[in-house]
Protein chains: 2
Amino acid sequence: MDVKTLCLGVLHFGPASGYEIRKQFEDGPMSHIQEAGFGSIYPALRKLSEDGLVKGDTQHQASRPDKTVYTITEAGQLALKRALMTPPADDRFRSDYAFQLLFAHVLPTDMVDHLIERWLIWHRGEITRLETCLAAAQDGNRPQTAGDRFVIGLGIAIYQAAAAFMETHRNDLIAEINLPSTAAKTDVAKMDAAE
Amino acid sequence: MDVKTLCLGVLHFGPASGYEIRKQFEDGPMSHIQEAGFGSIYPALRKLSEDGLVKGDTQHQASRPDKTVYTITEAGQLALKRALMTPPADDRFRSDYAFQLLFAHVLPTDMVDHLIERWLIWHRGEITRLETCLAAAQDGNRPQTAGDRFVIGLGIAIYQAAAAFMETHRNDLIAEINLPSTAAKTDVAKMDAAE
DNA sequence: TTAGAATATGTCGAGTCGATATAATAAGTA
DNA sequence: TACTTATTATATCGACTCGACATATTCTAA
């Protein structure tokens, strides 16, 4: 799913400027499943405009910078629908927290504990953010759809499961890296032998 | 977390060729949290080699293409540790399935149902894959660490929660998009639709 | 009043992804 | 046996994406 399609998706619900589209990806109901920055959005809008899938209208505002409000065209709606019909790519999850924890046996114990703590805090923040989003029933000019409720609900369920796992297993991990048993013993023995 | 650091992370557990590193990201215990393709790995290894963080050794094999096996150096271990100490970026989740479902009210009902079905199948596949990974206790030359168990267990918990949510809410979504009038989620509308 | 957040658009380099090329052999199938 | 696909192995290339920075104005709060 490229940024052009994502922009069409946002514009499906109503006209918006590049800046407003960006905000949608930061705060809106799709913020936890897709992302795009300015560096992708503005070129995408230019290309969409060239292809006649959106129509830009520059508005001069008093006491605000000029803004170009984009509206999706008939051809754009068709292109969006075509994109929505194609089989989606597999989900992709990227976590630097998880990557760092793979090396918990190498890191200081208090750093591992602190890492999990911050990860938990981030998860709790996301949960409250999504709960607010779900309770809003309306986001700006965009009314909440059945899909919104499903996807936001799914996000909350996932984050809650992740937080629950961390809360119940963080002490197990800390204990494991502190008591060098079975698997860890061999590594220690090798290091001792090397000395 | 750039690909150079990810490669150092793989090589921390033992020497490997670019091809073998790629396989780690496809099948190994970090496949569900980080990814990298050939187009990123080979340039990364070249740069790491130039910087003295890894050492490449070209091996001529009978009845197989030559391969260059990379080994992490002392400087590389230090660079990895430094990267593991820096505060991690926030998790990033990308789902085209979820994006498409945001537009469930626009798509044919059977397509939405089919979409959720395929998404569920993918989740169940990931769960069995991770469970196999967890039961393996050893992946090639790499012994399973406490961090591995934590991260794989977390992945399983997340996928199970996602699958459970879909199973219990898929019919709600289908029912909601079949109700024709947007504002009428009342009992009257339900009775009218049933008749 | 002075700093900073918000509104608004854009550029640029570094990095990443996916497809493709090449090339040998092993394994499975008609 | 002949054909096809998969596996091992490395590499390039264009298109795309990301994050940081540049620019400028106004509203808000310490």
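These numbers were taken from a predicted model, which means no experiment stands behind them. In what follows, chains are A, B, ... by sequence order, proteins preceding strands, each numbered from 1.
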Side-chain ion pair, Lys23(B) and Glu26(B), N-O less than 4.0 Å:
no
Query raised in the report: Between Glu126(B) and Arg129(B), is there a salt bridge with N-O shorter than 4.0 Å?
Result: yes
[X] has an atom [atom1]; how far is it from atom [atom2] of [N], in whole Å?
{"X": "Gln24(A)", "N": "dA8(C)", "atom1": "CD", "atom2": "P", "answer": "14 Å"}
{"X": "Phe25(A)", "N": "dC18(D)", "atom1": "CZ", "atom2": "C1'", "answer": "14 Å"}
{"X": "Lys47(A)", "N": "dG14(D)", "atom1": "NZ", "atom2": "P", "answer": "15 Å"}
{"X": "Arg92(B)", "N": "dT16(C)", "atom1": "CZ", "atom2": "P", "answer": "11 Å"}
{"X": "Ile21(A)", "N": "dA8(C)", "atom1": "CD1", "atom2": "P", "answer": "13 Å"}
{"X": "Glu26(B)", "N": "dC17(C)", "atom1": "CD", "atom2": "P", "answer": "13 Å"}
{"X": "Ile41(A)", "N": "dT11(C)", "atom1": "CD1", "atom2": "C1'", "answer": "15 Å"}

Please determine whether a side-chain nitrogen or oxygen atom of [X] lies at a distance below 4.0 Å from atom OP1 or OP2 of [N].
{"X": "Tyr42(A)", "N": "dG10(C)", "answer": "no"}
{"X": "Lys23(B)", "N": "dT7(D)", "answer": "no"}
{"X": "Tyr19(A)", "N": "dT9(C)", "answer": "no"}
{"X": "Ser17(B)", "N": "dA9(D)", "answer": "no"}
{"X": "Arg94(B)", "N": "dC17(C)", "answer": "no"}

Looking only at dT10(D), dT17(D), dT9(C), the nucleotide nearest the Phe38(B) side chain is dT10(D)
Side-chain atoms of Arg46(B) come closest, of dT17(D), dT16(C), dT12(D), to dT12(D)
With heavy atoms under 4.0 Å as the rule, sort Arg22(B) into base, sugar-phosphate or nothing.
nothing
Inset, instruction - Look at all strands and tell whether Gly39(B) reaches a base, only sugar-phosphate, or nothing, counting heavy atoms closer than 4.0 Å. - result: base
### Query
Do we get Arg118(B) above Tyr97(B)'s six-membered ring, with its NZ or CZ under 6.0 Å from the centre and within 45° of the axis?
no
Ranking Tyr70(B) and Val3(A) by the position along DNA chain D of their nearest nucleotide, the one closer to 5' is Tyr70(B)
Side-chain (Glu35(B)) to main-chain (Arg94(A)) donor-acceptor, under 3.5 angstrom:
no
Note to self: Using ring centroids (six-membered ring only for Trp), state whether Phe103(A) and Phe13(B) fall under 6.0 Å.
What the structure shows: yes
